[in-house]
Amino acid sequence: ALAVSPFRINLLQAEEAPIKIGFPVPLTGPYGAEAQDQVRAGQLAVAQFNDAGGLNGRKAELVVRDDKLNPGEAATRTLELVEKEKVNFVVGSLSAAVQLAINNVTKERGVIFNSISQSDAINEAADFSKYTFHEALNPHMTSGAVGRYAFAKFGKKVAFLTADYAYGHEMVRGFLEVGKEFNVENLGDIRHPLGTTDFSTLLPRLQALKPDILCISNFGRDQQIALKQATDFGIKKSIQIIAPLLSHASRVAAGPQAFEGVVGGCSFYWGIEDKFASTKAFNDAFRKMYDGKLPTDYGALGYGGVRTVLEAVKGAGSVETDKVVAALEALKYDDYKGPQYYRKCDHQSVQSVLVIKSKSKDMRNESDVFEVLSTEEPNEKYLRTCEALGHKS
Amino acid sequence: MLQISKLNAWYGASHALQDVSLEVSKGEIVCLIGRNGAGKTTTLKSIMGLMGRARGSVTFKGEELLRQPAHVRFALGLAYVPEERRIVQGLTVRENLRLGLVASKEKKREAELIDEIAAIFPRLAERMDQEAVTMSGGEQQMLAIARAMIAKPDLIMLDEPSEGIMPVLVDEMFELFRSMKAQGTTVLLVEQNVELALGIAERAYVLDHGAVVHQASAQALLADDEIKERYCSV
Amino acid sequence: MAGLSFDLIALQLFAGLALGAIYVLFAIGLSLIFGMLTVVNFAHGAFYMVGAYVGLYLISIGGNFWICLVAVPIAIGLFGLAVERVLIRPLYGRGIDYPLLLTFGLSYVMVECVRIAFGKTGYPFDTPEVLQGAVDIGVGYFPLYRLFVIGATAVVLLALWLFLEKTSFGLIIRAGARDPQIVRVLGVDVSKVWLIVFGIGTAIAGFAGLLAAPLQGVIPEMGGTILAEAFVVTVVGGMGSIGGAVLAGLLVGVVVSMTSLFAPEMAKVSIFALMAIVLIVRPQGFFGRAGLMS
Amino acid sequence: MTETTQSIKQPGAATGSWYEFATRHRASIVAAVILVFPLLMPFTALAVNILIYGLYALGFNLVFGYLGLLSFGHAALFGTGAYLCGIAIVHLGWPWYAAIAVGVGGGLLMALLIGVLAIRTRGIYFAMVTMALSQCVYYLFYQAVDLTGGENGLRGINVRNIDLFGLRIDFINPMVRYYVIAAFVIAAFFVMSRILASPFGAVIEAVRENEMRARASGYDVTLTRLLTFVLSGGFCGLAGALQALHLSIVPIEILHYETSGLVVMIALLGGMGTFFGPMVGAAVFLVLENVVSVWTVHWQLIVGAIFIACVLFFPAGIWGTLIARGRR
Amino acid sequence: MSAAEGHAREIILRTRGVGKTFGKFVALNNISAEFSRGAITSIIGPNGAGKSTYFNLLCGAFRPTKGSVEFEGKDVTGLPQHRFAHMGIAKSFQITSVFPQLTTRENIRVGLQALVSRYDIWRPRARLTELVERADDLLALVGLWESRERAAKTLAHGEQRALEIGMALASQPRLLLLDEPTAGMSPEETRTMMDLIVKLAKERTVILVEHKMKLVLGISDRILVLHHGELLAEGTPQEVRQNEAVKRVYLGQREH
Ligand SMILES: Nc1ncnc2c1ncn2[C@@H]1O[C@H](COP(=O)(O)OP(=O)(O)OP(=O)(O)O)[C@@H](O)[C@H]1O
Ligand SMILES: Nc1ncnc2c1ncn2[C@@H]1O[C@H](COP(=O)(O)OP(=O)(O)OP(=O)(O)O)[C@@H](O)[C@H]1O
Ligand SMILES: [Mg+2]
Ligand SMILES: [Mg+2]
């Protein structure tokens with residue numbers, strides 16, 4: 001293969017520009033580690049595609065950009081990717097606001113975007129674009145699964161500590177909706193501003209409410225600090241804490257003590273490799289590519305996001321937008337966590353939700369931080385209905 | 001005591017002092033006179049080490065000063081009363097006076113020395129805890145002089161001390177300089193009130209355009225009609 | 001409002017004071033540096049953060065929290081001295097803008113260096129064993145460590161107050177900020193004073209970072225949030241006034257905790273609303289002297 | 001900072017240096033540079049951002065460089081312009097030009113509101129009151145989720161085509177978008193140049209230099225300050241409105257104090273109180289950030305180091321230093 | 001003073017019982033005085049007597065705590081300071097106060113402009129060429145024409161004092177308040193300035209605060225003496241010079 005003349009390579013390249021996938025993620029800033037995992041796994045998906053011969057020999061390429069977790073920057077970067085880099089697809093984002101910003105740009109320009117971060121808004125008709133797919137879970141699904149597990153088990157009196165933004169509100173809404181089935185009693189919802197570093201002024205009040213369950217609906221650093229301080233205030237002694245979304249990176253950053261006993265949800269955990277061959281294959285490939293490292297939840301999303309798009313390209317035999325959209329809509333895939341597919345009306349990936357608990361002993365390796373309590377199987381009934389989302393059925 | 005030779009100083013590119021040489025002996029009162037912009041202030045600033053760029057030689061008590069920063073010069077016994085008074089905003093009169101002592105060896109006798117100076121300037125005594133910048137122009141001038149005097153320097157440089165001071169007090173002030181001299185303090189005085197200044201000074205230098213154009217004893221200058229015509233009496 | 005009792009309000013007040021303590025600690029360093037050097041130290045948050053990381057590092061190589069309490073301020077203080085000497089000193093006399101820009105750049109550099117050295121994700125920072133748990137303070141249980149923070153802050157304040165009041169340092173500091181030249185003429189080596197003040201200010205910042213670490217864990221960005229809030233504290237108290245910073249820090253803590261009780265989502269904006277009101281009514285803050293920096 | 005001292009030259013006293021030439025023809029030079037600018041930039045959207053941030057900094061500089069007040073709340077003016085423009089399009093369905101006008105009006109009005117409250121304070125206190133008030137504005141827009149989208153930002157400010165004198169222009173096309181926005185920016189530069197050269201421009205400088213003396217000379221210092229702040233709000237509002245049209249979203253971050261801080265940095269980097277400084281600062285800052293961040297994730301290290309170097313070695317800002325050289 | 005005689009006894013400025021207190025300190029108490037048009041009135045008095053404070057009341061920088069100020073028959077008490085300048089009252093500062101970064105000429109020009117255009121943001125100021133010409137005339141008048149392109153802060157102290165007066169003149173005042181105009185000036189410049197003041201007084205009313213007694217006694221039509229915030233004496237230079245109280249608290253025994 002090394003004998004190919006340079007001349008030919010040039011020709012080939014000229015004929016077949018690579019399939020470009022724009023990948024805006026927040027490489028800098030507080031979620032840099034998660035973003036890095038997204039990139040790693042995205043690269044893996046691209047490498048696998050290329051190793052398998054690409055699209056009739058045409059290779060794919062990931063064009064990574066730092067969106068700095070800022071929607072404005074993300075929009076600019078997406079414009080760069082679309083207008084200058086002329087990418088065929090965009091996959092990425094780590095926050096709701098950023099994905100909506102990217103979505104707004106790609107929607108207007110008819111570019112396929114596969115979003116790999118959580119949001120309920122992206123499913124709704126107002127923001128929906130036929131070019132946009134949502135590989136990640138959404139708050140409704142996550143909190144639903146966690147709620148169904150927890151309300152049955154820990155009690156009916158529930159209090160909430162919620163980050164005061166769309167994502168937090170969406171999770172509470174999800175919990176309350178499930179709560180109706182269980183007749184839970186809502187003792188109160190205390191909302192804290194995003195980026196709060198001290199919860200000491202909120203915790204005594206929550207404690208005074210004497211709930212069975214405290215739902216902490218926030219994310220990242222807010223969640224780490226809230227859990228840490230809740231531990232300090234001794235809240236866990238009498239109250240079960242649940243969080244809709246527990247991320248691998250947060251758990252590692254905050255340490256086992258803070259997360260001890262907290263129950264929450266996630267879309268992916270490497271430990272389900274015993275259950276799904278696809279997970280095993282993904283884990284192994286990832287290990288192989290990154291010296292034994294295991295993929296995290298966000299990494300898996302990066303993988304899934306890129307891989308499904310490339311799969312659809314292969315299926316469609318083309319990179320033409322409309323054909324790829326059709327192929328994605330038709331796709332039934334099991335790439336890393338069991339069977340999944342994109343629902344027709346809102347392009348939400350219908351998938352399983354894992355209910356997990358942080359663990360602090362019997363760890364098999366440094367990535368072994370959660371224990372899977374239960375798995376909620378993929379089912380459209382756990383999603384908000386297409387009508388509720390405002391889609392014409 | 002103070003010897004300056006071939007002193008040159010610049011503001012940016014403009015050459016403000018050109019080869020100024022002068023000397024002050026211990027216990028003398030020496031006067032610098034000259035028109036506005038002649039370079040009197042610049043000379044004092046160079047001696048105190050406040051000019052960015054200065055060349056030549058300034059020796060005080062035998063020590064070369066030109067490379068030394070201002071605070072070291074103070075420690076050697078030099079004091080300076082700038083022409084714009086430079087009363088520190090936000091401090092009271094007392095604090096301004098204390099400031100005159102913080103770096104001095106006499107610091108332990110602070111209260112005593114403040115009383116002493118207050119006796120000399122009764123007006124300041126009345127105003128001890130007033131914010132200093134709200135005082136009248138003349139009061140500020142007194143404070144500036146008091147602040148420089150309080151640490152008992154060996155040589156005090158005064159830049160137009162009588163500016164804005166009422167006549168009775170000007171007389172008193174010059175009387176004060178005379179008594180300072182009697183106590184062994186040397187005085188280098190820049191003054192527009194030339195007649196008065198020459199009345200207490202031994203010698204004087206006349207500056208013009210950044211250079212010394214004349215030097216003589218005070219009597220000789222007072223007798224000199226041209227000097228009188230030019231620099232004296234309003 | 002359900003569940004509002006006297007005990008709860010009292011506990012809430014206490015939580016506010018504890019929260020205020022960290023603000024105070026952070027803000028006095030800021031205020032000191034500003035009041036003296038007229039340097040708006042945008043890197044103060046970075047010093048705070050580095051303080052926490054140095055503590056983390058010392059513990060990882062076998063030190064303990066008590067050693068850190070001494071070693072961290074010294075280390076950060078020395079670092080501060082170096083920064084003043086090399087970077088800040090050339091800027092004196094150029095107004096407040098340039099030091100501001102420089103320290104802004106410096107905070108970028110420091111944060112990024114920490115990211116390179118320690119990674120982007122944060123680390124947990126365990127509360128020292130003897131200070132774990134909560135104690136009954138009469139109105140309810142309160143974490144012991146937070147009480148410790150209040151105490152440590154009080155000690156630092158007392159030491160600083162003694163230092164400024166019992167020496168002429170305080171006077172020199174105030175005068176030097178307005179007219180360094182005249183202070184020099186009066187025999188004080190102002191550059192040395194500035195150097196020391198900057199060192200003290202940063203040492204306190206590092207100390208605050210260390211104290212905050214067991215409360216929130218450490219991440220490279222931890223200095224950013226507190227910086228904005230601490231600016232509020234310094235300004236409300238009056239720039240350059242230590243007493244003002246203390247009063248305002250505690251006030252801000254209490255205001256935050258009280259808003260948390262009634263409208264928690266407004267906790268953050270309440271800080272800024274407070275500042276706007278204070279400054280509109282009293283433009284120089286509680287103890288600030290009019291005229292400084294105008 | 002020093003450019004202003006010589007801004008009034010006797011006719012005939014000119015020295016014929018490039019600096020003189022540049023000062024006299026500053027508006028036309030901006031126009032010329034802006035015309036070829038996108039070709040020099042890594043990508044067009046960045047070029048547009050530079051224009052917009054340059055304009056934002058231009059407005060800010062009026063208050064900071066010329067009036068001598070450090071505002072840390074300009075994000076409120078920029079952001080209000082952006083949000084009102086966006087809201088006019090998304091919720092009211094107004095045409096783009098009306099939306100821009102609304103944005104400018106929003107900037108003016110917000111500046112008036114903040115100005116009336118803050119203008120009595122000075123120095124660092126002014127910076128802090130403006131910051132506090134702008135944080136309150138942030139909170140206001142953050143909570144008005146129905147209008148602004150809250151944390152998720154305002155989406156859907158989609159202007160596909162611009163109808164101009166019967167001509168339909170494709171606003172999605174990056175180059176077209178650039179030139180449309182550039183037209184507004186050039187106009188704003190022209191207006192700014194008139195303001196600075198006007199009698200009022202001299203008053204602004206006088207107030208900066210010595211408030212007490214200005215008052216004694218017969219100038220109403222408070223009113224002058226307020227008026228300048230409001231004018232600045234107009235420029236920033238326009239910049240915000242253009243930003244909304246350019247990105248087709250308004251993120252809540254636009255109102256964050258970091259956006260206020262950014263413009264301070266840009267103005268200082270370029271050279272405060274100089275006419276082109278803000279634009280130069282915006283270009284250098286954004287290009288730097290862009291280039292370095294593509295190259296390494298540790299871009300903050302490099303950018304920070306460059307800031308430090310600029311402060312130490314180009315104290316008058318990049319453009320300010322060039323001017324100082326040019327004058328000699 | 002032929003001009004003064006022409007308008008004999010026309011009162012341009014009158015204060016009725018004005019007083020000013022700072023906190024508890026009474027800086028000025030119950031001063032009633034009249035100033036006739038076209039005359040040079042000097043205010044003398046010991047340091048801290050309240051002269052500058054009185055000036056600040058007359059030019060609107062302070063608001064009196066008691067009493068009223070009347071200018072050309074109108075009550076102007078409490079108006080904002082800039083309005084005083086518009087009405088034709090200008091003051092020079094005892095402690096130099098100029099626009100430090102601006103050129104000497106621009107300093108004066110800005111002063112002149114206040115009467116012509118304050119809020120015009122559109123027309124180029126370069127069009128107001130006559131302002132520059134008038135500025136140059138004024139600069140020549142106060143002897144600063146050669147320094148016209150220098151930044152004001154680079155002037156020597158005495159030159160700044162001259163600029164200070166130039167700026168007061170730039171407001172084209174009918175009433176000119178000069179607070180120690182010759183402080184810090186060399187005798188030679190002082191003489192020039194004195195001539196200038198006499199010349200200026202031909203067309204306008206001048207009130208002067210000075211400590212240089214020869215100057216004051218030589219050119220004043222009338223002298224007010226303040227002491228401890230009160231009016232101690234009032235009269236012609238001759239009368240004041242003879243006044244024993246004035247001698248005691250202010251002049252001293254030296255022959256003036
Ligand atoms: N900061 C400065 N920058 C540039 N030139 C200056 C500066 N200060 C003074 N000069 C110039 O240097 C020369 C000498 O000034 P200096 O202040 O020494 O004069 P002086 O004799 O003290 O005058 P005066 O009696 O007016 O105080 C003058 O021509 C003055 O204009
Ligand atoms: N803001 C203030 N607060 C307190 N006292 C003040 C304030 N302003 C002035 N004073 C006091 O009022 C008195 C009168 O001051 P003023 O400046 O009028 O004196 P003056 O007659 O001009 O004296 P000089 O000849 O020294 O300039 C002084 O004793 C001064 O200390
Ligand atoms: Mg002088
Ligand atoms: Mg006075």
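Here the shortest heavy-atom pairing between A/Pro30 and C/Glu221 reads N-OE2, 3.8 Å. The two residues C/Pro124 and A/Val252 make their nearest non-hydrogen contact at CD-O, 4.1 Å.
Judged by distance alone, with hydrogens and angles left aside, the side-chain atoms of C/Lys120 form no donor-acceptor pair with the main-chain N or O of A/Glu34 at under 3.5 Å. In terms of modelled atom types and a separation under 3.5 Å, the side chain of A/Arg221 and the main chain of C/Gln216 share a donor-acceptor contact. Checking side-chain atoms of A/Gln229 against main-chain N and O of C/Leu215 turns up a donor-acceptor pair under 3.5 Å.
Of the residues considered (C/Pro214, C/Ala18, C/Gly133), C/Pro214 shows the highest number of contacts with chain A, using heavy-atom pairs under 4.5 Å. Per-residue counts of heavy-atom pairs under 4.5 Å with chain A were compared for C/Pro220, C/Ser257, C/Pro143; the largest is that of C/Pro143. Here C/Pro264 is the residue among C/Gly253, C/Ala15, C/Gly122, C/Pro264 with the most heavy-atom pairs under 4.5 Å with chain A.
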Report task. Give the C-alpha distance, both sets of side-chain angles, the deciding distance and a yes or no for side-chain contact (heavy atoms from CB on, under 4.5 Å) between C/Ile226 and A/Thr197. Result -> CA-CA 8 Å; C/Ile226 190 166; A/Thr197 51; over 6 Å; no

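When heavy atoms are compared at a cutoff of 4.5 Å, C/Glu112 does not approach chain A at all.
By the 4.5 Å heavy-atom criterion applied to side chains, C/Phe125 and A/Lys228 are not counted as neighbours. Between A/Gln224 and C/Thr121, the closest side-chain pair of non-hydrogen atoms is not below 4.5 Å. Within the 4.5 Å cutoff, side-chain heavy atoms of A/Ser200 are placed close to those of C/Arg146. By the 4.5 Å heavy-atom criterion applied to side chains, C/Thr127 and A/Asp232 are counted as neighbours.
Crowding of C/Tyr57 atom OH: a count of heavy atoms from other residues, nucleotides or ligands under 6.0 Å not exceeding 12.
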